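A quick write-up on the structure given underneath.
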Amino acid sequence: MSPAATPSVMAQDSVASAAPEAQAEMSVQSTSPPPSSGGSSAKTTNMAMPPARTASTSSTSAKTNTSATTDAGKKAENAQSPDFLIMYNGDVSMMVDDGKVSSTLDKIIDASESAGGHLGTRRDLGVTIRVPSVHFREVLSKIGELGEITHQSITAEDVSEEYHDAEVRLVNMKAAQKRLQEFLAKSANMNDMLTLERELERISMDIDRVEGRMRFLKEHVAFSTLTVALTARPKSQPVVAGGGGGGGGVVKPVTSSPRIMHLHAGWLDNLGVDKLVNN
Amino acid sequence: MFRKIVLSLALVTAACGPVSKLSAPDGFAHVEGEYDDRVASASGIAIATRVVPNEPKANLDFWTQAIDLRLRQKGYEPYEQPQDVKSDSGLPGRSLHYVYFDGTRKNRYFVDVYATSRRILLVEAAGDATDFDANLPKVAAAMRSARLGS
């Protein structure tokens with residue numbers, strides 16, 4: 001791992017990368033209106049809204065926070081139920097006073113730990129925490145008190161269908177495994193025995209894989225992931241324009257966009273996510 | 001004579017190849033693109049490298065600042081201070097880390113820059129933030145593996 005990417009503290013969770021097509025995903029962005037209770041499917045209909053914060057509009061940001069009267073605690077409890085498995089992921093960007101970044105990160109970690117959660121990754125200007133889903137809203141609310149939220153998004157991913165599919169597959173595979181073991185015990189032919197051994201090995205691997213995925217889903221339903229990115233609020237400094245003559249200048253606010261020298265380096269325009277991921 | 005021909009062929013082959021390369025981490029594959037080399041995971045994390053001329057001739061600090069200003073102008077939000085890094089091949093460079101919101105999607109975007117007197121080696125990585133963070137050690141190792149060709 002390069003020093004650049006080495007956080008001072010890291011407890012990396014193992015995460016399966018494949019997102020099954022069966023997963024229904026609901027994303028609530030701070031800039032979008034909350035979805036109505038009548039979802040497009042039975043699953044989304046049953047889903048309560050994810051946690052939300054009190055509405056406020058930041059004058060320093062184009063993005064606004066929205067309010068949604070939700071019952072995330074109840075939903076998180078539902079998420080624990082085997083019939084209703086929801087994985088929550090939250091991203092929060094917030095602004096804190098200059099010089100308070102480090103102490104705010106500590107407070108965020110404290111909030112997570114006091115709710116029974118733990119630290120995922122800590123960076124210079126951000127932190128990823130894992131919190132028990134039943135305390136997700138409570139922790140989010142505590143974090144909101146530590147600074148000004150400029151962006152917030154919470155994603156609830158319904159993995160119930162995938163989990164129950166896996167359960168059914170597991171039962172079937174275990175039944176098949178048992179039958180194969182019975183055949184093997186009765187078999188007298190060497191060729192048959194070898195074939196059955198191979199088949200048993202394959203099915204055992206499949207069983208391990210399915211059990212692993214089920215464990216992963218259970219763990220990620222029990223604990224939600226919350227990533228918080230902090231920005232230090234710049235100190236406002238009056239600028240005296242039209243100096244030269246000395247004194248008597250007009251006081252203007254600091255402009256936020258820096259002047260950029262035009263360089264004959266076209267590659268600078270080609271930097272970024274779009275080209276890298278899509279082309 | 002035969003040796004000379006073999007050597008010439010080897011040089012021609014090397015000259016035709018990419019000028020920078022990456023090692024693909026486990027679960028990644030080399031994919032085509034407008035880069036010297038690019039690897040991607042099935043879930044959409046991409047890591048790529050390319051070499052550009054160091055024109056106007058400048059040092060690492062200059063290019064770090066130029067890249068940072070351009071990215072901020074495009075709406076990228078830095079979430080860590082630029083950090084000094086060293087590639088596996090020993091090149092000193094700097095790593096810049098950003099968050100980029102593309103509609104409702106939160107992306108991570110890392111760019112490592114290494115400047116030599118003639119060339120700049122750029123190594124970029126991007127992906128969905130959650131997936132990217134989960135694969136951070138792999139991504140960082142792959143970025144560090146970038147090396148200049150002939």
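Computed from a predicted structure; not experimentally measured. In the text below, chain A, chain B and the rest are named by the order of the sequence lines, each starting its count at 1.
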- Partner set under side chain to side chain donor-acceptor pair (under 3.5 Å) for B/D128, not counting sequence neighbours: B/R105
- Going from CG on A/L268 to CD1 on B/I120, what distance comes out if it is rounded to the nearest 0.5 angstrom? 8.0 Å
- Ranked by heavy-atom pairs below 4.5 Å to chain A, first place among B/Q81, B/R50, B/M143, B/E55 goes to B/R50
- Message: Using heavy-atom distances under 4.5 Å, tell me whether B/A125 contacts chain A through its side chain, its backbone, both, or neither.
- Response: backbone
- Interface moiety of B/I67 toward chain A, non-hydrogen atoms closer than 4.5 Å: both
- Cut-off 4.5 Å, heavy atoms of chain A, and the answer for B/Y98 is neither
- Note on the structure: Scored by heavy-atom pairs under 4.5 Å with chain B, the best of A/D269, A/V273, A/D91, A/T227 is A/V273
- Segment of A/S93 engaging chain B (4.5 angstrom heavy-atom cut-off): side chain
- Note on the structure: Whatever's closer than 4.5 Å to a heavy atom in chain A on B/L122 counts as side chain
- Any donor and acceptor pair, going by atom type alone, linking the side chain of B/K74 with main-chain N or O of A/L271 inside 3.5 Å? yes
- Query: With a 4.5 Å heavy-atom cut-off, do A/L276 and B/Y109 have their side chains touching?
  - Reply: yes
- Message: Given heavy-atom pairs under 4.5 angstrom as the criterion, report whether the side chain, backbone, both or neither of B/E124 touches chain A.
- Response: both
- Message: Does any backbone or side-chain atom of B/A48 lie under 4.5 Å from a heavy atom of chain A? Answer side chain, backbone, both or neither.
- Response: both
- Note on the structure: Whatever's closer than 4.5 Å to a heavy atom in chain A on B/L96 counts as neither
- Item | 4.5 Å side-chain heavy-atom contact, A/N270 and B/E34 | no
- Message: Show the nearest heavy-atom pair for residues B/R38 and A/K275, with the distance to one decimal.
- Response: NH1-O, 3.8 Å
- Query: Side chain, backbone, both or neither: which part of B/R94 has a heavy atom under 4.5 Å from chain A?
  - Reply: neither
- Note on the structure: Turns out that what part of B/V52 lies under 4.5 Å from chain A's heavy atoms comes down to side chain
- Item | B/Y100 portion near chain A, given a 4.5 angstrom heavy-atom threshold | side chain
- Message: Rounded to the nearest 0.5 Å, what separates atom CZ in A/R123 from atom CG in B/D133?
- Response: 6.0 Å
